[in-house]
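This report concerns only the one structure given below.
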Amino acid sequence: MSSGYDSHPPHGDLPSPRISDLARPRGPGGDPGYLDGLNPEQRAAVETTEGPVLVLAGAGTGKTRVLTTRLAHILSTGRARPWELLAVTFTNKAAREMRERITHIIGAEAEGLRWLGTFHSVAAQILRRHAELVGLKSSYTIIDNDDQERLLKQLIEAENIDAKRWTPKILAGMIDNWKNKGWTPDRVPPADGSEFAAGKGTILYRQYQDRLRILNACDFGDLLLHNITIFTSHPDVLTDYQTRFKYVLVDEYQDTNIAQYLWLRLLAQGRQNVCCVGDDDQSIYGWRGAEVDNILRFERDFPGAKVVRLERNYRSTEHILAAASGLITANKDRLGKTLWTDEAGGEKVKVSGVWDGEAESRMVADEIEKARRAGRKYSHMAILVRASFQMRAFEERFVMLQIPYKVVGGPRFFERAEIRDAHAYLRLIQSPDDDLAFERIVNTPKRGIGDTSVQKLRQVARLESLPAVEAARTLVGSDELPARTRTALSNFLRDLDRWRALAQTMPHQRVLEAVLEESGYTDALRLDKGPTSQTRLENLKELVQSMSAFDTLEAYLEHVSLVMDLDKGAGDDAVWIMTLHSAKGLEFPLVFLPGWEEGVFPSQRSMDDKGTKGLEEERRLAYVGITRAREEARISFVANRQVYGRWTSQLPSRFVDELPLAHVEAASETGYYGGGPGMQQTAASRWDDTGQSSFGGSGYASPGWKRAQDRMAGGGNSWSNPRTGGSGGRSAPIEGEGRLVAVSAPSKASAYQRGDRVFHVKFGYGQVSSVEGNKLSVAFDKAGDKKVIDGFVEKA
DNA sequence: AACATCGTAATTTTT
DNA sequence: TTACGATGTT
């Protein structure tokens, strides 16, 4: 079985539908066909339906197949009806895929799986039915981060807090974290609550919750949190769901946060038929509240739990698996798993060091072309980077060479400004009280209602306890606004009323079209000479299209608030460029892993903020990266990189040296380095400078970062500069300069403390006034108080 | 209210 | 370097 049954990239195909025929229950003694081809562990995971089960599913071990087969098994053996199953995932994509694959096995019955969805969509459904128990109406709206920040900004300003120092974004992040931990405002520990703006955090959180309630709205975190509140304060409701859900299934359990964990535990406690599937080695979302601990202590939470390990990998070659496995053993907190395969041989993982980022992108592009000539499709190749700033170099190169590529991630359809604007119009038509929507579009497109007027409007709304639209009506009838503004506002209100009337009689796509035309929105875009205006118009067309799939405006809006995911189609044959995070769950025959340098990967920030925990998560990210590859994985790192416009000298990532030597091949082919003639050195030999170990040779196992430390201590960047003239348009890095900037000194905590004298290239000399992780507040002698990253200063 | 200019800071992402 | 936001100018 060469093709995995784990998630495929969009070009993947579904398993053969023949299973659906075989899925019907057989005569006594006969196995139903859907169990065919499962290995013993997979089968145990499917057939152990009763009681708690933890499935530790390594990368590429058939996790999704087990999940879907298990559901099909429960259904086709009559243990439960579709609506008695609770199955939760993190992403819409995963939920969709699961539904599709179950349909392939059991057919139309899968449509009854109404509790299969993301945590958020299931929680939203439950909340709709009991909204009044937390002070909401069942017609509540779900706001996204943008609305959230907008709202918080108002609250922060109302408290007279400096919104530059204490940004809405920071507060939103804090509140999200609190919600992820299951804390309502009264549960926030004082220490946490006072972190924001001299102790105002908890107060603002409470105000925010009150405001949401008045708006009959909630944010994503609330969906879970309100559920938990309802369950704990109304045991009868909880019992109802505990009884209803005969079996509970959870995907990606290692990614659950505390709120999700509490929610699940409440629901699963009744019947104890809970199956969690996950992989502690692929836990890469700690920074957004995921608790690996949830999976590590499953057996304590559910005594008598059966643990199944899926370790047989159907995706990658021996060398790739061994390289990944070897690397991950450097982590301490693991449940322990070793992937294996009986597909012997294959290519070793290639590791190459090159001079700089330009050389790296050139090398990757060359290899892509070479693979292409050898018959590989572009879409079978992927470049997985740690952070998105690394993507640019590849994109530039690909544009030059006309290699088709596709960047995954980036701004998503429903998050684009024009789409959100259109939605705001629709929301306002649907519910006149939607103040957030009102504020978003009251002057979009520009209709002469500026900041001052909006301020006044807000003031009236607050004093009179009116929704913004009503406040606007009041203002129009008064003389508090300049005549011109008053007319503009009056026209806007008139338009709104007209559109609302239109919505009663017209199909909703038509309504949107009318709104966009009559509001002048499309005209404004057409006049816009910006490079994106054309695309934005097209996006709006697409939006109108996508609405037709829904009967009512209401149904449509409900959909977009939760399923912010529009598949852009498989597209054409193109190389994938994405972050390691977004590559999780995907697989590609040929994977490039560039930028394996200290500070970049593992990311300095991650280590500074979270110490060893952060480092281990980075290492899991590396593990995820390598295990995406089916046939070939290529790791690279550079000696010099331009970061934020400055040349910095880079040290190879410690992860490079943690790879087991036997499964790695240090690339030594010529032809990648530099551009100029006369460049003879090989990538490998360039690493021999220290004389301590040979990168290409046998002695390369000594830890690179340690070597590097020695080198730093010895003074100066000892990499020879192979570039004599410099070939491209960019200037060559200056030898030794990297040391001055010293971005990647492998230190955990900041090397600085209060009182230290420091020097900054731009700000000059100063004294450290406080240290927070790697962020320093420095009183500069000439430039005044600044906050800087410690990598940008040096001891004076 | 619209436009230009300056200053500042700098992962990872889903819902 | 670049992108975004806040500030200042017309």
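Because only heavy atoms are used, hydrogens play no part in the values below, and waters and symmetry mates are left out as well, while side chains stay in. Note on naming: letters A, B, ... go to the chains in the order of the sequence lines (proteins, then strands), and numbering restarts at 1 for each one.
Closest to the side chain of A:Y644, from the set B:dA10, B:dT15, B:dT12, is B:dA10. The listed nucleotides are B:dT13, B:dT12, B:dT15; the one nearest the side chain of A:T91 is B:dT15. Of the candidates B:dT13, B:dT12, B:dT15, B:dT15 carries the atom nearest the A:F220 side chain, counting heavy atoms from C-beta on. Distance from the side chain of A:N443 is smallest for B:dA2 among the nucleotides C:dT1, B:dA2, B:dT12. Comparing B:dT15, B:dT11, C:dA3 by their nearest atom to the side chain of A:R392 picks out C:dA3.
For the pair A:D144 CG and B:dT13 P, the computed distance is 18 Å after rounding to whole Å. Going from atom CE of A:M391 over to atom P of C:dT2 covers 17 Å, rounded to whole Å. Residue A:D147 contributes atom CG, which lies 14 Å from atom C1' of B:dT15 at whole-angstrom precision. Following rounding to the nearest Å, A:L384 (CG) and B:dT12 (P) show an atom-to-atom distance of 15 Å. Counting to the nearest Å, the C1' atom of B:dT12 and the CG atom of A:N257 are 17 Å from each other. In this structure, A:R620 places its CZ atom 21 Å from P of B:dT11, rounding to the nearest Å. One interatomic measurement links the two molecules: CD1 of A:I175 to P of B:dT15, which rounds to 21 Å at whole-angstrom precision. Taking atom CD of residue A:Q260 and atom C1' of nucleotide B:dT15, one finds them 9 Å apart after rounding to whole Å.
Within the 4.0 angstrom heavy-atom criterion, only backbone atoms of the sugar-phosphate kind lie near A:I449; the bases stay farther away. Residue contacts shown for A:S606 include a base, since a base heavy atom lies under 4.0 Å away. Looking at heavy-atom distances under 4.0 Å, A:N145 makes contact with a base. When heavy atoms are screened at a 4.0 angstrom cut-off, A:S603 is found touching base atoms of the nucleic acid. In this structure, A:E618 reaches the bases: a heavy-atom distance under 4.0 Å links it to at least one base atom across the strands shown. At the heavy-atom level, A:G221 lies nowhere under 4.0 Å from the strands shown.
Not one side-chain nitrogen or oxygen of A:S388 sits closer than 4.0 Å to the OP1 or OP2 atom of B:dT11. Side-chain nitrogen and oxygen atoms of A:N92 include at least one within less than 4.0 Å of the OP1 or OP2 phosphate oxygen of B:dT15.
Using a 4.5 Å heavy-atom cutoff, the side chains of A:R458 and A:V454 are in contact.
Stacking between A:W287 and B:dT12 is shown: the ring centroid lies under 5.5 Å from the centre of the six-membered base ring, and the planes differ by under 30°.
Using modelled atom types and a 3.5 Å distance limit, the side chains of A:Q148 and A:D144 yield no donor-acceptor pair. With 3.5 Å as the limit, one finds no donor-acceptor pair spanning the side chains of A:W647 and A:N640.
Between A:E439 and A:R150 there is no salt bridge, since no side-chain nitrogen of the basic residue lies less than 4.0 Å from a carboxylate oxygen of the acidic one.
Each of A:E617 and A:T452 was matched to the nucleotide of DNA chain B holding its nearest heavy atom; the match closer to the 5' end belongs to A:T452. Along DNA chain B, the nucleotide closest to A:R447 and the one closest to A:P602 are compared, and the more 5′ of them pairs with A:R447.
Relative orientation of the A:F492 and A:F438 rings is tilted, given thresholds of 30° and 60° on the angle between their planes.
In terms of the salt bridge (Lys or Arg N to Asp or Glu O under 4.0 Å) criterion, residue partners of A:K169 (sequence neighbours excluded) are, by chain and number, A:E149.
Across the C1' atoms, C:dA3 and B:dT14 are found 24 Å apart, a figure rounded to whole Å.
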